[in-house]
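Only one structure is covered here, and it is reproduced in the block below.
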Amino acid sequence: MYSEIQRERADIGGLMARPEYREWNPELIKPKKLLNPVKASRSHQELHRELLMNHRRGLGVDSKPELQRVLEHRRRNQLIKKKKEELEAKRLQCPFEQELLRRQQRLNQLEKPPEKEEDHAPEFIKVRENLRRIATLTSEERVL
């Protein structure tokens, strides 16, 4: 069955007209393949050339967008600058200034814990204490 279909197609191919431009005839104009306007553009050609060069060098296309790369580069530079400034500030300080700073930090640490304990108290306790103060003030005013 399949062989019969192939025979029929072969017969039909013989009946079809063949284009005359295949045979060289000086009177006929040979058709030219149309140019793709995208591929013909200079910017497309330059981009394609650049991609080929990068591929040959082994450089892949980055998965990160350009904006993200720039922001990461800026953050990295800012951190490096910060560290350099801190190191230079430490180098410029003499031992006497360093000792003064240590003592000041110790004093600050000793003063801060009582304040932090008050801050950790629930809000209703703070409000209750404020109400007691107000109540004692008003009762003192009545006495006077």
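Computed from a prediction, not measured in an experiment: that's the story for all the values here.
In the displayed structure, Glu66 atom CD is contacted under 6.0 Å by at most 12 heavy atoms of other residues, nucleotides or ligands. Counting heavy-atom neighbours within 6.0 Å of His55 NE2, excluding the residue itself, gives a total of 12 or less. Annotation: Glu123, atom CD; neighbour count of heavy atoms from other residues, nucleotides and ligands within 6.0 Å does not exceed 12.
If you take NZ on Lys83 and CG on Leu87, they are separated by 9.0 Å, rounding to the nearest 0.5 Å. Atom-to-atom distance recorded for Leu35:CG and Ser41:OG is 11.5 Å, nearest 0.5 angstrom. Separating the CG atom in Leu79 from the NZ atom in Lys81 is a distance of 11.5 Å, to the nearest 0.5 Å. Taking CD of Gln68 as the reference point, atom CG of Leu71 lies at 8.0 Å (rounded to 0.5 Å). Here the straight-line distance linking atom CZ of Arg106 with atom CD of Glu111 works out to 14.0 Å at 0.5 Å rounding. With rounding to the nearest 0.5 Å, the separation of CD in Glu97 from CD in Gln104 is 12.0 Å.
A salt bridge links Glu99 to Arg102: at least one charged side-chain nitrogen sits closer than 4.0 Å to a carboxylate oxygen.
Val70 is not listed as a side-chain neighbour of His73, based on a closest heavy-atom distance of 4.5 Å or more. Taking 4.5 Å as the limit, every side-chain heavy atom of Glu50 sits out of range of all side-chain heavy atoms of Met53.
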May I have the step-by-step check of side chain to side chain contact (heavy atoms under 4.5 Å, CB included) for Arg75 and Glu72, ending in yes or no? CA-CA 5 Å; Arg75 282 188 213 124; Glu72 287 177 357; 4.0 Å; yes
